[in-house]
Amino acid sequence: QVRLVESGGGLVQAGESLTLSCLATESGSSFDGFHMGWFRQAPGKEREGVASITWSGGRTYYSDSVKGRFNVSRDNAKNLLYLQMNSLKLDDTGVYYCAAANPWLGDKLREVEYDYWGQGTQVTVSS
């Protein structure tokens, strides 16, 4: 099992950058054994996957809406997952969650593939 805690959310203006972090606390499983993802949920909308990264950090996956603007990375030595968000838009507003999945998951940005979730951190982009 793994416990996930996100941080770094806040209020920013459109065009600015923000970096989210997710700290994993393990219980019987190693952080570097998990595929990790970032999801977000905007008001009135379903939660959607925005980025994910393999256990080694060797491959990353992005939704079309954030590709080229967001960068996901991880530091397995520190049990940390990051999401660097650049050129933020109003539509990027929402609660951002990190999640952990077994490394053999199917769709890398599909919510049901993930087993462990953080409590979320709010990101608000203003004009």
Side-chain angles (χ1 to χ4, degrees):
Q1 289 206 356
V2 62
R3 180 172 177 263
L4 305 171
V5 179
E6 303 93 338
S7 62
L11 173 64
V12 295
Q13 291 191 324
E16 293 184 340
S17 298
L18 195 64
T19 298
L20 305 181
S21 300
C22 173
L23 177 65
T25 304
E26 309 153 2
S27 175
S29 301
S30 177
F31 176 67
D32 61 9
F34 291 99
H35 185 103
M36 299 298 297
W38 284 101
F39 292 74
R40 69 184 180 191
Q41 186 166 22
K45 294 186 178 181
E46 293 186 354
R47 189 156 55 184
E48 62 170 342
V50 296
S52 74
I53 187 168
T54 56
W55 66 272
S56 67
R59 290 197 67 177
T60 55
Y61 306 84
Y62 298 95
S63 67
D64 289 341
S65 61
V66 307
K67 197 173 296 181
R69 299 188 298 121
F70 289 13
N71 182 60
V72 59
S73 61
R74 65 191 296 165
D75 185 337
N76 286 343
K78 297 180 179 179
N79 284 13
L80 282 168
L81 175 73
Y82 302 101
L83 184 68
Q84 182 180 352
M85 305 183 293
N86 302 315
S87 302
L88 282 162
K89 304 176 180 180
L90 298 180
D91 287 346
D92 294 320
T93 294
V95 178
Y96 282 71
Y97 302 88
C98 68
N102 289 311
W104 53 84
L105 79 168
D107 189 326
K108 306 300 191 288
L109 295 176
R110 191 174 177 218
E111 181 178 355
V112 296
E113 298 283 354
Y114 289 76
D115 301 305
Y116 304 101
W117 293 82
Q119 83 290 347
T121 186
Q122 176 71 45
V123 173
T124 303
V125 183
S126 65
S127 59

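- A cation-pi arrangement is absent between K67 and Y62 under the rule of less than 6.0 angstrom and at most 45 degrees off the ring axis.
- Across all their heavy atoms, N86 and S17 have their closest contact at OD1-OG, 3.0 Å.
- W117 and L105 end up in the same hydrophobic cluster when Ile, Leu, Val, Met, Phe, Trp and Tyr side chains are linked at under 4.5 Å.
- Between Y82 and D75, the side chains place no donor N or O within less than 3.5 Å of an acceptor N or O (distance only, hydrogens not considered).
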Test salt bridge (charged side-chain N to carboxylate O under 4.0 Å, His left out) applied to E48 and R40, step by step = CA-CA 6 Å; E48 62 170 342; R40 69 184 180 191; 2.7 Å; yes

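- For the ring-ring contact (aromatic ring centres under 6.0 Å, His included) with F39, the qualifying choice from Y97, Y96, Y114 is Y114, the only one to do so.
- Checked against salt bridge (Lys or Arg N to Asp or Glu O under 4.0 Å), R69 has the following partners two or more places apart in sequence or in another chain: D92.
- Within the 4.5 Å cutoff, no side-chain heavy atoms of T124 are placed close to those of V12.
- The closest donor-acceptor contact from the side chain of T60 to the backbone of I53 lies at 3.5 Å or more, if one exists at all.
- Here the closest non-hydrogen pair linking C98 and L81 is CB-CD2, 3.9 Å.
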Can L20 and F70 be said to form a side chain to side chain contact (heavy atoms under 4.5 Å, CB included), step by step?
-> CA-CA 11 Å; L20 305 181; F70 289 13; over 6 Å; no

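- For the residue pair A100 and F34, the shortest heavy atom distance occurs at CB-CD2, 3.8 Å.
- Residues G49 and S63 come closest through the heavy atom pair O-CB, 3.5 Å.
- A donor-acceptor pair under 3.5 Å is formed between the side chain of E16 and the backbone N or O of Q13.
- The backbone N or O of G9 lies less than 3.5 Å from a partner atom in the side chain of T121, making a donor-acceptor pair.
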Steps toward side chain to side chain contact (heavy atoms under 4.5 Å, CB included) verdict (Q122, T93) = CA-CA 8 Å; Q122 176 71 45; T93 294; 4.1 Å; yes

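- Judged by the 6.0 Å distance and 45° axis criteria, R74 is positioned over the aromatic ring of F31.
- Remark: the backbone N or O of W104 is not paired with any side-chain donor or acceptor of N102 at under 3.5 angstrom.
- We find the CE-OG distance between M36 and S52 to be 10.0 Å, quoted to the nearest 0.5 Å.
- Put simply, the side chain of K108 gets close to the backbone of G106: a donor and an acceptor are under 3.5 Å apart.
- With contacts defined as side-chain heavy-atom distances shorter than 4.5 Å, the pair Y116/Q1 qualifies.
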For the pair E6 and S21, evaluate side chain to side chain contact (heavy atoms under 4.5 Å, CB included) and give the outcome as yes or no after the intermediate values.
-> CA-CA 6 Å; E6 303 93 338; S21 300; over 6 Å; no

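- Residues L90 and V123 are members of one and the same hydrophobic cluster, defined by side-chain heavy-atom contacts under 4.5 angstrom among Ile, Leu, Val, Met, Phe, Trp and Tyr.
- Contact between V66 and V50 at its shortest, heavy atoms only, is CG2-O, 3.3 Å.
- Not counting sequence neighbours, the partners of R47 by the salt bridge (Lys or Arg N to Asp or Glu O under 4.0 Å) test are E111.
- The only option from N79, L83, L4 that meets the side chain to side chain contact (heavy atoms under 4.5 Å, CB included) definition with C22 turns out to be L4.
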Can you list the steps and then say if N71 with M85 is a side chain to side chain contact (heavy atoms under 4.5 Å, CB included)?
-> CA-CA 7 Å; N71 182 60; M85 305 183 293; over 6 Å; no

